[in-house]
Protein chains: 2
Amino acid sequence: MEHGIPATQRGRKHLLVREYVRSLIVDAEPGSPAPSERDLVEQFGVARMTVRHALDGLVAQGLLERIPGRGTFVTKPLIDMQMRLSSFSEEMERRGKVPESRTLLARRETAGPGLARALETEVGSPIVHWERLRLADGQPIAIQHVYLSLETFPRFLDDALPASLYYAFADRDLMPTWGEDSVVAAVATEDEAESLELEPGAPVLHISRRSFCREVAVEVTRSIYRADRYTLWVPVLRPEHLR
Amino acid sequence: MEHGIPATQRGRKHLLVREYVRSLIVDAEPGSPAPSERDLVEQFGVARMTVRHALDGLVAQGLLERIPGRGTFVTKPLIDMQMRLSSFSEEMERRGKVPESRTLLARRETAGPGLARALETEVGSPIVHWERLRLADGQPIAIQHVYLSLETFPRFLDDALPASLYYAFADRDLMPTWGEDSVVAAVATEDEAESLELEPGAPVLHISRRSFCREVAVEVTRSIYRADRYTLWVPVLRPEHLR
DNA sequence: ACGATAGCGAGGTCTAGCCCACTTCGACTG
DNA sequence: CAGTCGAAGTGGGCTAGACCTCGCTATCGT
């Protein structure tokens with residue numbers, strides 16, 4: 001049987017089955033049936049437990065839905081129920097806009113108590129403070145302050161500033177995998193209003209983010225978004241145990 | 001063998017094992033080992049596949065971590081990486097505050113185009129509009145407007161208003177399981193400022209939520225939070241395929 | 001003293017069945 | 001014609017083994 005997926009690994013037949021079924025359902029209609037477990041057993045010549053293990057993964061990912069007595073079906077691709085840790089550029093591109101960035105400030109500072117706690121370092125330790133104006137389709141959207149520990153990113157300011165912060169993370173194998181946002185409303189200060197081309201007192205959205213790679217706090221960003229040009233969208237799930 | 005969990009259900013031995021292990025690890029130190037799979041096989045007199053199935057659930061929930069060659073261990077309870085669909089009361093209780101609610105308005109209205117689209121009904125169809133002031137420890141926190149379709153909740157206004165909206169959902173088997181929030185900054189209007197005991201022009205956080213049960217839009221809420229008393233916290237994960 | 005290695009126990013994968021509960025649907029029956 | 005009943009097929013759960021790789025460690029040989 002040839003399924004186009006080479007069995008590069010010994011064992012792991014369940015991955016073969018899983019990827020085969022995944023290839024079937026990527027462009028299948030929601031609600032259409034997947035092959036039955038016993039069919040797959042016959043097709044691949046494996047035990048049913050193996051097929052079940054393979055499908056378990058797709059069910060866990062929400063691609064398939066099992067209905068006892070009826071079969072296994074392709075789910076309606078609900079929504080990515082996970083808020084994504086994405087950069088400003090990624091987010092604007094997803095919205096079909098052209099991102100742009102102008103550096104307003106990039107210098108060495110020392111950590112105050114708040115930053116020290118957020119970056120898990122000591123008060124007075126050296127910090128990079130990089131402030132950029134972020135635009136989409138040429139219109140100012142946000143002011144973004146990035147804070148990095150110079151202990152984590154030695155000589156960061158000695159070289160040219162990276163085109164994207166995420167290159168710097170990738171280079172050092174510190175790409176963040178998770179984080180937390182704190183969101184609060186505020187009104188624009190005079191400086192902010194000037195950069196964002198607003199009147200002082202106009203509402204702005206403050207988003208403070210701590211990003212982590214494994215257990216280490218990699219960056220702290222504080223972004224000030226024009227409320228009239230940016231709405232935060234957050235998908236939410238009700239936890240299983242409260243349903 | 002007595003583990004305190006009655007085997008109310010025939011079959012489902014894996015649930016017995018799962019809940020036993022869960023009871024062991026709820027107050028175990030992160031990093032401490034769980035019983036080995038073969039130990040559990042002996043303790044419960046079940047097959048190893050059954051034990052593995054039991055542990056699979058705990059691993060999927062992020063409570064346990066398998067390390068090949070070493071064992072299975074209690075994970076550091078990182079963070080609930082999922083923004084929770086919780087009510088105002090639930091959220092305030094989680095923050096250790098006493099929630100309170102004062103109804104400002106409860107009446108029948110008809111859907112305008114925006115509401116009709118959000119509630120997936122037609123323009124002009126009957127709507128419940130329920131406005132409440134939400135307090136925590138006696139302090140005003142937010143104004144919450146709830147909109148329900150009277151088609152989904154017939155006679156909602158004929159009875160006494162429910163103590164919690166979630167009772168109304170539970171009664172009708174329409175408990176929302178997922179939703180989406182849109183978050184934006186604004187400044188308080190005069191009316192809002194008065195209710196929230198703010199000066200007009202003070203920043204407020206607008207959170208618009210659509211909640212769904214299965215595929216039906218159950219409720220739309222529009223909440224106006226005092227920015228000085230409420231910060232939204234959002235956990236974020238970087239999607240697997242971008243790591 | 002130190003390094004190589006063998007053994008043990010851990011999880012990872014897999015087999016070839018078994019019975020159960022449930023849904024569906026067609027055939028049979030009153 | 002309507003209702004019932006059962007066969008076929010589905011996923012759910014389970015067994016009692018098997019062999020694999022990996023991490024650790026104790027022991028043995030140099």
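We name chains A, B, ... by the order of the sequence lines, and we start the count at 1 in each one.
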Under 4.0 angstrom between B:Arg66 side-chain N/O and C:dG12 OP1 or OP2: yes
Euclidean distance, atom CD of residue A:Glu37 to atom C1' of D:dG13 [Å, nearest integer]: 11 Å
Plane angle bin for B:Tyr230 and B:Tyr225 - parallel if under 30°, tilted between 30 and 60°, otherwise perpendicular: parallel
Considering only nitrogen or oxygen atoms on both sides, find all protein atoms under 3.5 Å from nucleotides 16-19 of chain C and state each distance.
none

Side-chain donor/acceptor of B:Arg18 to backbone N/O of B:His53, under 3.5 Å: yes
Rounded distance (Å) that lies between atom P of D:dG13 and atom CZ of B:Phe44: 17 Å
Between CZ on residue B:Arg48 and CG on residue B:Leu55, distance to nearest 0.5 Å: 10.0 Å
Geometric class of the B:Phe169/B:Tyr166 ring pair [parallel <30°, tilted 30-60°, perpendicular >60°]: perpendicular
Aromatic plane relationship, A:His145 with A:Tyr147 - under 30° parallel, 30 to 60° tilted, over 60° perpendicular: parallel
Spacing between A:Phe73 atom CZ and D:dG11 atom P, to the nearest angstrom: 8 Å
Ion pair check, A:Glu91 and A:Arg95, cut-off under 4.0 Å: yes
Rounded interatomic separation in angstrom, taking CG from B:Asp56 and C1' from D:dG12: 15 Å
Spacing between B:Leu64 atom CG and C:dG11 atom C1', to the nearest angstrom: 13 Å
Distance, rounded to the nearest Å, where B:His53 contributes NE2 and C:dG11 contributes P: 17 Å
Any donor-acceptor N/O pair, A:Thr75 side chain to A:Leu63 backbone, under 3.5 Å: yes
Closest to the A:Thr50 side chain, choosing from D:dG12, C:dT15, C:dG11: C:dT15
Phosphate OP1/OP2 of D:dG9: any A:Ser36 side-chain N/O under 4.0 Å: no
Note: B:Arg66-B:Glu37 ion pair, threshold 4.0 Å (strictly below): yes
A:Leu40 CG - C:dT15 P separation (whole Å): 13 Å
Between the protein and nucleotides 23-27 of chain D, which nitrogen or oxygen pairs come in under 3.5 angstrom?
none

B:Arg52 CZ to D:dG13 P, straight-line distance once rounded to whole Å: 17 Å
Heavy-atom donor-acceptor pair, A:Arg210 side chain to A:Ala217 backbone, under 3.5 Å: no
